[in-house]
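Each ligand, and each atom within it, is numbered from 1 in the order the structure gives.
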Amino acid sequence: MKETYSIAIDGPAAAGKSTVAKRVAKALNYTYIDTGAMYRAVTYAVIKAGLDPQNEEESITVLPGMTIDLLEDGTVLCNGEDVTKVIRTPLVSGNVSYIAAMKPIRLALVDMQRELANKRSVVMDGRDIGTYVLPDAQVKIFQIASVECRAKRRYDENVSKGIPTSMEDVIEDVKKRDYIDSHRDFAPLKQAEDAIPLDTSEMNIEEVVNAILSIIEEKTGVKA
Ligand code: CDP
């Protein structure tokens, strides 16, 4: 059987992980898995059902029978509904870290993530991929950038997608999520011991993609 590879890209909010992970996956012909979109989809389902996203007992009631599909073109389906756009709105961003701190929700999504990474080569981005979801990933990157840089990138992205936001709100959202994500008890945001840190503050997308592809080639011999 052909050997499969797992590439884990973790890091704080809006570090540009998904843009870069998508391109790296395309260059290698691997499957890209956006785990953040999965936590966002659950958050949306909780809000849509009129439940309190800060209440675990209420929130976990959306789990039984729930389906999340990540299509190749980037479309995200939650229970068959196209939620691609709505999961990026400030309402979902502002609540997702509460949902992501709930252990039963993490366990359910991690099962789906491991299943997706089974038997195929993947580039998976998130917070706990190198530490918890795929601890045996052959390549682990921890992508960082200054808060100012990350907020600017997310602000520009929101503007281009027509999502109304202010720079102040984006800075606050990024800081709040980083705090909750790195202080939760179960599988917090943390650099894996064997991860390679990559500070992308002064790098453009192409430079980051190329840096990661070089690391992958060095570690696995796989060439884009
Ligand atoms: O793209 P951005 O960095 O803004 O966030 P994301 O990757 O879409 O993740 C949204 C939120 O989901 C994060 O702030 C975390 O609370 C949560 N998350 C997580 O806990 N574990 C993951 N593996 C991925 C995301």
Side-chain angles (χ1 to χ4, degrees), residues 6-22 32-47 53-54 59 68 70 74 76 78 83-114 116-117 122-135 137 140-147 149-158 160-161 163 165 169-192 195 200 205 208:
S6 296
I7 315 297
I9 305 182
D10 289 301
K17 300 181 299 293
S18 61
T19 309
V20 164
K22 223 176 284 170
Y32 166 56
I33 299 166
D34 178 355
T35 64
M38 300 170 84
Y39 289 95
R40 287 172 179 273
V42 176
T43 306
Y44 169 70
V46 167
I47 295 169
Q54 293 194 46
S59 296
I68 299 173
L70 305 176
V76 182
C78 181
V83 298
T84 317
K85 268 206 162 146
V86 74
I87 60 169
R88 307 287 163 197
T89 54
L91 179 63
V92 171
S93 292
N95 285 292
V96 63
S97 290
Y98 302 122
I99 291 293
M102 298 173 186
K103 190 171 177 183
I105 291 180
R106 297 202 74 77
L107 291 176
L109 294 190
V110 168
D111 269 355
M112 291 184 201
Q113 291 155 12
R114 288 184 178 150
L116 287 169
V122 295
V123 180
M124 191 179 278
D125 79 330
R127 304 291 185 284
D128 59 339
I129 311 306
T131 53
Y132 184 73
V133 183
L134 304 174
K140 299 180 184 179
I141 308 284
F142 197 76
Q143 194 172 318
I144 51 176
S146 68
V147 174
C149 230
R150 292 187 281 127
K152 169 90 173 66
R153 286 176 189 166
R154 180 51 47 91
Y155 177 77
D156 290 345
E157 192 183 341
N158 285 353
S160 76
K161 286 183 177 166
I163 298 169
T165 19
D169 288 348
V170 176
I171 292 176
E172 204 181 305
D173 172 66
V174 161
K175 284 187 177 167
K176 175 180 136 181
R177 284 197 288 131
D178 284 355
Y179 184 84
I180 302 175
D181 292 346
S182 47
H183 287 83
R184 68 183 174 226
D185 291 336
F186 184 61
L189 162 66
K190 200 172 132 213
Q191 183 178 325
T200 67
I205 293 168
V208 183

Could you check if a side-chain atom of [X] sits within less than 4.5 angstrom of a side-chain atom of [Y], using non-hydrogen atoms only?
X: Ile105; Y: Tyr98; result: no
X: Thr19; Y: Lys22; result: no
X: Ile33; Y: Leu70; result: yes

Interfacing atoms of ligand 1 (cut-off 4.0 Å, heavy-atom, [X]):
X: Lys17; value: 3 (O)
X: Arg154; value: 1 (O), 2 (P), 4 (O)
X: Arg177; value: 2 (P), 4 (O), 5 (O), 10 (C), 11 (C), 13 (C), 14 (O)
X: Ala13; value: 3 (O)
X: Gly126; value: 22 (C), 23 (N), 24 (C)

For ligand 1, which part of [X] has a heavy atom less than 4.0 Å away: the side chain, the backbone, both, or neither?
X: Arg127; answer: both
X: Met38; answer: neither
X: Arg88; answer: side chain
X: Gln113; answer: neither

Looking only at protein heavy atoms, which one is nearest to [atom], and what is the separation?
atom: atom 8 (O) of ligand 1; answer: Arg40 NE, 2.7 Å
atom: atom 21 (N) of ligand 1; answer: Arg106 NH2, 2.9 Å
atom: atom 24 (C) of ligand 1; answer: Thr35 OG1, 3.3 Å
atom: atom 18 (N) of ligand 1; answer: Tyr39 CD1, 3.6 Å

Do the side-chain N and O atoms of [X] and [Y] include a donor-acceptor pair separated by under 3.5 angstrom?
X: Ser18; Y: Asp125; value: no
X: Asp169; Y: Tyr155; value: no
X: Tyr132; Y: Arg127; value: no
X: Ser93; Y: Asp173; value: no

*Taking all heavy atoms of Arg150 and all of Pro12, pick out the closest pair and write down the distance.*
NH1-CB, 3.4 Å
With only distance considered, is [X] within less than 3.5 Å of ligand 1 through an N or O on each side?
X: Asp34; answer: no
X: Ser97; answer: yes
X: Asp125; answer: no

*If you round to the nearest 0.5 Å, how far is OG1 of Thr131 from CG of Asp10?*
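One finds 6.0 Å between CG of Asp10 and OG1 of Thr131.
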Which option, [options], owns the non-hydrogen atom nearest [atom]?
atom: atom 16 (O) of ligand 1; options: Leu189, Asp128, Ile180, Asp181; answer: Asp181
atom: atom 11 (C) of ligand 1; options: Ile99, Val96, Asn95; answer: Val96
atom: atom 17 (C) of ligand 1; options: Ala100, Ser93, Ala14; answer: Ala100

*Going by the side chain to side chain contact (heavy atoms under 4.5 Å, CB included) test, name the single residue among Val133, Ile68, Thr35 that passes it with Leu109.*
Ile68
*Mark the output for Gln143 as yes if a heavy-atom distance to ligand 1 is under 4.0 Å, and as no if none is.*
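It does not, in that no heavy atom of Gln143 comes within the 4.0 Å cut-off of ligand 1.
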*Could you tell me whether Glu157 and Arg154 make a salt bridge, using a distance below 4.0 angstrom between a side-chain N and a carboxylate O?*
yes
*More than 12 non-hydrogen atoms from neighbouring residues, nucleotides or ligands closer than 6.0 Å to CZ on Phe186, yes or no?*
yes
